[in-house]
Amino acid sequence: QVQLVESGGGSVQAGGSLTLACTASGRRTFSDYSMGWFRQAPGKEREFVSEVSWNKSSKTASSVKGRFTISRDNTKNTVYLQMNSLKPEDTAVYYCAADPSYIGPGATPGHWGQGTQVTVSS
């Protein structure tokens, strides 16, 4: 079965940076999967953050565009989210997601990680 494990969360001051990583297992390769990130803040709905497809085409939510960058390393079955200029409103549990097809806005990915907490203080 597919497993997604996130790492890299933590607490930072506003304006700081964090890099999240998600490593997938359960298949030899996830190179044909779309992989990406959602987040859920307390009292809010889960929201799409960013996605990179099998061909490395990417989409990023307008709320984080220009600050967050998604990338993937298929040799490591890992997707990354580089988060810069963090704001308190970025505080959330960040979840890795993967699916053989589209996982962007409006989609329900087939596989999820356990989540990693990101806390941005002012």
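As a basis for the values below, the full set of heavy atoms in this structure was taken, side chains included, without hydrogen atoms, waters or symmetry mates. This one's a predicted model, so the numbers in the text were calculated from it and none came from an experiment.
- Among all heavy-atom pairs drawn from Leu81 and Ser50, the shortest one is CD1-CB, 4.2 Å.
- Arg72 places a side-chain heavy atom less than 4.5 Å from the side chain of Lys56.
- The hydrophobic cluster containing Tyr95 does not contain Val79, counting ILVMFWY residues as joined when their side-chain heavy atoms lie under 4.5 angstrom apart, directly or transitively.
- Here the side chains of Arg27 and Asp32 are in contact, with some heavy-atom distance below 4.5 Å.
- By the 4.5 Å heavy-atom criterion applied to side chains, Trp37 and Met83 are not counted as neighbours.
- The stretch residues 29-111 participates, sequence neighbours left out, in these disulfide bond (SG atoms under 2.5 Å apart) pairs: Cys22-Cys96.
- Side chains of Thr75 and Asp73: a donor on one and an acceptor on the other come within 3.5 Å.
- Residues in residues 26-77 take part in no disulfide bond (SG atoms under 2.5 Å apart) pair, two or more places apart or across chains.
- To the nearest 0.5 Å, atom OG of residue Ser11 and atom CG of residue Leu86 are 11.0 Å apart.
- Remark: the backbone N or O of Glu45 is not paired with any side-chain donor or acceptor of Gln40 at under 3.5 angstrom.
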Apply the test side-chain contact (heavy atoms from CB on, under 4.5 Å) to residues Arg46 and Arg39: give CA-CA distance (whole Å), side-chain angles for both, the deciding distance (0.1 Å), then the verdict. CA-CA 6 Å; Arg46 182 183 62 190; Arg39 67 186 183 184; over 6 Å; no

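- Ile70 and Ser58 make their closest contact through CG2-CB, 3.9 Å (heavy atoms, listed as atom of the first residue, atom of the second, distance).
- Heavy atoms from other residues, nucleotides or ligands lying under 6.0 Å from CH2 of Trp54 number 12 at most.
- Side chains of Thr23 and Thr78: a donor on one and an acceptor on the other come within 3.5 Å.
- Counting heavy atoms from C-beta outward, Leu20 and Glu6 have side chains that stay 4.5 Å or more apart.
- The minimum heavy-atom distance linking Ser122 with Ala14 is given by the pair CA-CB, 4.4 Å.
- Using a 4.5 Å heavy-atom threshold, the side chains of Gln117 and Tyr94 count as separate.
- Connection of Val52 to Val2 is established within a shared hydrophobic cluster, with ILVMFWY side chains joined at heavy-atom distances below 4.5 Å, either directly or through further cluster members.
- Linking ILVMFWY side-chain heavy atoms closer than 4.5 Å, directly or via other members, places Tyr80 and Val49 in two distinct hydrophobic clusters.
- Using a 4.5 Å cut-off on side-chain heavy atoms (C-beta onward), Leu18 and Gln82 make no contact.
- Lys76 NZ to Thr29 OG1: the interatomic distance, rounded to the nearest 0.5 Å, is 14.5 Å.
- Both Val12 and Val118 belong to a single network of hydrophobic side chains, linked directly or stepwise wherever heavy atoms of I, L, V, M, F, W or Y lie under 4.5 Å apart.
- Heavy-atom minimum distance, Thr60 versus Val64: CG2-CG2, 3.4 Å.
- Separating the CG atom in Asn84 from the OG atom in Ser17 is a distance of 3.5 Å, to the nearest 0.5 Å.
- The closest side-chain heavy-atom distance from Asp99 to Glu51 is not below 4.5 Å.
- Listed by chain and residue number, Phe30 satisfy the ring-ring contact (aromatic ring centres under 6.0 Å, His included) test with Tyr33 (two or more places apart in sequence, or in another chain).
- A distance of 7.5 Å separates OG of Ser63 from CG of Asp90, quoted to the nearest 0.5 Å.
- By the 4.5 Å heavy-atom criterion applied to side chains, Arg67 and Lys87 are counted as neighbours.
- Heavy-atom minimum distance, Ala41 versus Thr91: CB-O, 3.4 Å.
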Stepwise side-chain contact (heavy atoms from CB on, under 4.5 Å) test for Val120 and Gln13: CA-CA 5 Å; Val120 185; Gln13 293 287 125; over 6 Å; no

Apply side-chain hydrogen bond (donor to acceptor under 3.5 Å, both in side chains) to Ser57 and Asn55, showing your working. CA-CA 6 Å; Ser57 176; Asn55 65 357; 4.6 Å; no

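- To the nearest 0.5 Å, atoms CG (Asn74) and CE (Met35) are separated by 8.5 Å.
- Each salt bridge (charged side-chain N to carboxylate O under 4.0 Å, His left out) pair with one or both residues in residues 104-113, not counting sequence neighbours, would appear here, but there are none.
- Note: the hydrophobic cluster containing Val93 does not contain Leu4 (ILVMFWY, side chain heavy atoms under 4.5 Å, direct or indirect links).
- Residues passing the ring-ring contact (aromatic ring centres under 6.0 Å, His included) test with Phe68, sequence neighbours excluded: none.
- Identified under the disulfide bond (SG atoms under 2.5 Å apart) test for residues 24-57, with sequence neighbours left out: none.
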